[in-house]
Amino acid sequence: MDKYIIKGGGRLEGVIPVQTAKNSVLPILAATVLTDEEVRVLNVPDITDVRNMVRILTCLGCRAVWEGRDIIIDSSSAEKCEIPRALAHELRSSVFLLGSVVSRFRKAKIAYPGGCDIGLRPVDLHLNGLKRLGVQITESNGYINCACQKLVGNEIMLDCPSVGATENIMLAAVKAEGETVIKNAAREPEIEDLQKFLNSLGARVKGAGTGTIVIEGVKTLSGGVYQPISDRIEAGTFLIAAAMCGGDIELTGTNAENLSSLLHKLRENGCKLRIKNDKIYLRSDRRPVSVKSVETQPYPGFPTDLQAQMTALCCVCAGNSIVTENLFETRFKYVPELRRMGADITVIDRSAFVRGVERLRGAVTVAHDLRGGAALVIAALAAEGDSEVLDICHIDRGYAGFEYKLSSLGAKIKRVSI
Ligand code: EPZ
């Protein structure tokens, strides 16, 4: 297990490139099972979730070859339709494979997926959507078994705009017979990116980004080369870090449109922001002013994946804030760790009541999940004195070269193996 050793108190200054989006790459890799031709995905971030997704594809019989930061997937030799329990537990996105594997093999078997421990994370919407397309599903001994004669398009209404369920149903529907309509679909930019990717292989998908997605089934998909969008959550994490530490940073390879809810809050905090093409500039020269309330919502609302980082920022603002987590049941596991650093936070039900303090103080904290772990790092960078963040394997799931990028902004952070 590795840990970070951090000396807090310095400003963050400099330019960093934003990685390709983890939450785009994962469903796109799952989608490669749908074609027999080679697919090259460009500039894939070197993170644990991607490595595990590639391991799952290899277990299915796909051939995966890295060329620099590009990955080439050839699924022509794919022959298995069971995803090993150990790998399914590592990765929430393993569940996306249900749609593409059942489309290819007419059957699929997967253990209940794992992923960050941020809530119950049921998959009922995934399974109900697949059933509407003609898949018979049984669940036994912690496994989900899918089988069908053929996939037939249908209308599917999602009880909530689930990102994963929307993507899973899209993957199952692209080669189904006839038309599929997904209503109350998630609108995240990563869904639009998946649509763009699938259409680049010859699929007929439209409406992603709106609440209704229409998919016209096709017989086959081709191969191709694709550059997924940039990671808005990584970008937001660095912007919040600079707002919290004070600084003057430039992010390149971004799309500010996908971050508008965060940018609006950071302006409320008193940060100076400038957008130019694919660059976002943030300058923060004084103690941030508190935002009264942050409510996480499905896109285009404030992203739940930036909730922990934003709460950390609220801890050092002038004034009080209320942060409410509306998507996941237990996404405040990082709060006791921040309190160890002197934060004044009380969690009641789904809301964190934060009283801003002048400075946090360094402490030894433990990461419990990906985004909570990132929040502890940026809190340590802003704190007075030395900190350690343990169990940073959670952070490695979604941030490539996190300590290198932060160091390039002047942060005093180093990784130590223990
Ligand atoms: C995706 O998870 C992301 N993961 C998450 O990012 C992100 O937090 C989440 O979307 C919300 O934006 C990937 O894309 C790999 P959901 P997902 O289905 O698909 C309920 C990160 O840090 N729900 O949109 O699992 C669910 O309980 C990760 O990068 C059901 O009730 O999220 C939750 O309350 C963490 N039944 C809500 O929907 C279902 O069948 C939103 O979940 C599915 C979901």
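Atoms within each ligand, like the ligands themselves, are counted from 1 in listed order. Index from 1, following the sequence.
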Who pairs with Y334 by ring pair (Phe, Tyr, Trp, His ring centres under 6.0 Å), at least two apart in sequence or on another chain? none
R371 neighbourhood, listing ligand 1 atoms whose heavy-atom distance to it stays under 4.0 Å: 21 (C), 22 (O), 29 (O)
Rounded to the nearest 0.5 Å, what separates atom CD1 in I169 from atom CG in L127? 10.0 Å
Mind checking whether A165 contacts ligand 1 via backbone (N, CA, C, O), side chain (CB onward), both or neither, at a 4.0 Å heavy-atom cut-off? neither
Test salt bridge (charged side-chain N to carboxylate O under 4.0 Å, His left out) on E67 and R40; report intermediate values, then the result. CA-CA 9 Å; E67 270 187 19; R40 178 187 283 257; 2.6 Å; yes
Counting only heavy atoms, which portion of R331 has something under 4.0 Å from ligand 1: side chain, backbone, both, or neither? side chain
Nearest neighbour of atom 43 (C) of ligand 1 from the list G164, P122, P303, on a heavy-atom basis: P122
Honestly, is R187 close enough over Y299, meaning NZ or CZ under 6.0 Å from the six-membered ring centre and within 45° of the axis? no
Provide the number and element of each atom of ligand 1 under 4.0 Å from a heavy atom of L370. 22 (O)
Going by the order shown, which atoms of ligand 1 are within less than 4.0 Å of some heavy atom of K22? 21 (C), 29 (O)
Below 4.0 Å from ligand 1: does a non-hydrogen atom of A186 turn up there or not? no
In terms of its nearest heavy atom to atom 38 (O) of ligand 1, the top option of C160, G372, S94 is C160
Qualifying residues under side chain to side chain contact (heavy atoms under 4.5 Å, CB included), relative to S261, sequence neighbours excluded: F302, P303
Can you measure from CZ (R340) to CG (L360) and round to the nearest 0.5 angstrom? 13.5 Å
Among L327, D159, D305, whose heavy atom sits nearest atom 6 (O) of ligand 1? D305
Test of proximity, V163 against ligand 1: N or O pairs below 3.5 Å: yes
Counting only heavy atoms closer than 4.0 Å, does ligand 1 sit against the backbone of T304, its side chain, both, or neither? side chain
